[in-house]
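Numbering of residues begins at 1 and proceeds along the displayed sequence.
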Amino acid sequence: MKQRRRKWFLMIVTALFLMLSACSNDQSENKAKSDKDTEKSEEMDGMEHGDMNHSGSEEMPEGLKESTSPKFEVGSKAIMKVDHMKGMKGAEATITGAYDTVVYTVTYTPTIGGEKVKDHKWVIHEELKDFGEKPYKPGEEVVLNADHMKGMEGATATIDSAEKMTVYMIDYTPTTGGSVVKNHKWVTESELSPVE
């Protein structure tokens, strides 16, 4: 009988120990995530153009297909004709990726609060939550999985426009100076011109 009690006691102590270890690991993971989020948030503070995330990850959204015949090939140079951000227009860009997809302009309210962002360029089909085969139409509501700007990921957005085209990921040095912007997502064909 005593042996049985001892076994039960050891099992309960072991179970409690394992539970406490798991909690401790969760707290460590949460702290690491929190530290990373704070770091990301600090990096984004003071950014131009509504806290747009200048450099991005090389990682591509799931399901995105590379373009088989882009006008601007990967590795080639182009001049930017748009100013999504200060120092972009007139800068020489290196094409680091070309993808065929449906490209949207969207209007959304950031998850962190603040004013509604209207006609944001660009979000692609594969950056929308639970996207399917069919493209969305203007007026439809979607949830954004993109994090181009602070408060964008997880926000509910309305599609303003939708068009099937090639989008590019680029590296460039701003005309205003500063470090190279890497893996900027996205620019469209009409926003680029060949280097003369």
Answer yes or no: is there a donor N or O on one side and an acceptor on the other, between the side chain of [X] and the main chain of [Y], under 3.5 Å?
X: D119; Y: V106; value: no
X: D147; Y: E153; value: no
X: K65; Y: Y99; value: no
X: T94; Y: G75; value: no
X: T105; Y: S161; value: yes

Considering non-hydrogen atoms only, spot the tightest contact between [X] and [Y] and give its length.
X: V74; Y: G97; result: CG2-CA, 3.9 Å
X: K150; Y: P110; result: O-CB, 4.3 Å
X: F131; Y: E62; result: CZ-O, 3.4 Å
X: A78; Y: I95; result: CB-CD1, 4.4 Å
X: G178; Y: P174; result: O-CD, 4.5 Å
X: P194; Y: I79; result: O-CG1, 4.4 Å

Which value, rounded to the nearest 0.5 Å, describes the distance between [X] atom [atom1] and [Y] atom [atom2]?
X: S67; Y: M165; atom1: OG; atom2: CE; result: 12.5 Å
X: Y168; Y: T188; atom1: OH; atom2: OG1; result: 9.0 Å
X: S190; Y: K81; atom1: OG; atom2: NZ; result: 6.5 Å
X: K182; Y: S179; atom1: NZ; atom2: OG; result: 10.5 Å
X: E191; Y: D83; atom1: CD; atom2: CG; result: 10.5 Å

### Task
Check whether any side-chain heavy atom of V181 sits under 4.5 Å from a side-chain heavy atom of D171, and report yes or no.
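They are not in contact (no side-chain heavy atoms under 4.5 Å apart), so the answer is no.
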
### I124 side chain reached by W186 side chain, heavy atoms, under 4.5 Å
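Yes. Closest side-chain heavy atoms under 4.5 Å.
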
### Query
Have E140 and T158 got a donor and an acceptor in their side chains that come within less than 3.5 Å?
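No.
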
### Message
Quick check on the 6.0 Å ring-centre criterion: do Y136 and H125 meet it?
### Response
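Ring centroids of Y136 and H125 are less than 6.0 Å from each other.
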
#### Entry: More than 12 heavy atoms of other groups within 6.0 Å of E92 CD
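Atom CD in E92 is crowded, with more than 12 foreign heavy atoms closer than 6.0 Å.
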
### Task
Check whether more than 12 heavy atoms from other residues, nucleotides or ligands sit under 6.0 Å from atom NZ of K118, and answer yes or no.
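No, because the 6.0 Å sphere around NZ of K118 holds 12 heavy atoms or fewer from other groups.
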
Are [X] and [Y] connected, step by step, through hydrophobic side chains (Ile, Leu, Val, Met, Phe, Trp, Tyr) whose heavy atoms are closer than 4.5 Å?
X: V123; Y: V117; result: yes
X: V167; Y: M60; result: yes
X: L64; Y: M169; result: yes

### Task
Just do the side chain to side chain contact (heavy atoms under 4.5 Å, CB included) check on L144 and Y108 with the steps written out, would you?
CA-CA 9 Å; L144 304 175; Y108 69 97; 3.9 Å; yes

### Query
Looking at E127, H84, K185, which hits side chain to side chain donor-acceptor pair (under 3.5 Å) with H148?
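The passing option is E127.
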
### Query
Given T101 and E126, is the side chain to side chain contact (heavy atoms under 4.5 Å, CB included) satisfied, shown in steps?
CA-CA 8 Å; T101 185; E126 293 76 9; 2.6 Å; yes

### Query
Checking side chain to side chain contact (heavy atoms under 4.5 Å, CB included) for the pair V142/I159: CA distance, chi angles, key distance, verdict?
CA-CA 7 Å; V142 293; I159 302 290; 3.9 Å; yes

### Task
Apply the test side chain to side chain contact (heavy atoms under 4.5 Å, CB included) to residues E115 and T109: give CA-CA distance (whole Å), side-chain angles for both, the deciding distance (0.1 Å), then the verdict.
CA-CA 6 Å; E115 285 182 35; T109 302; over 6 Å; no

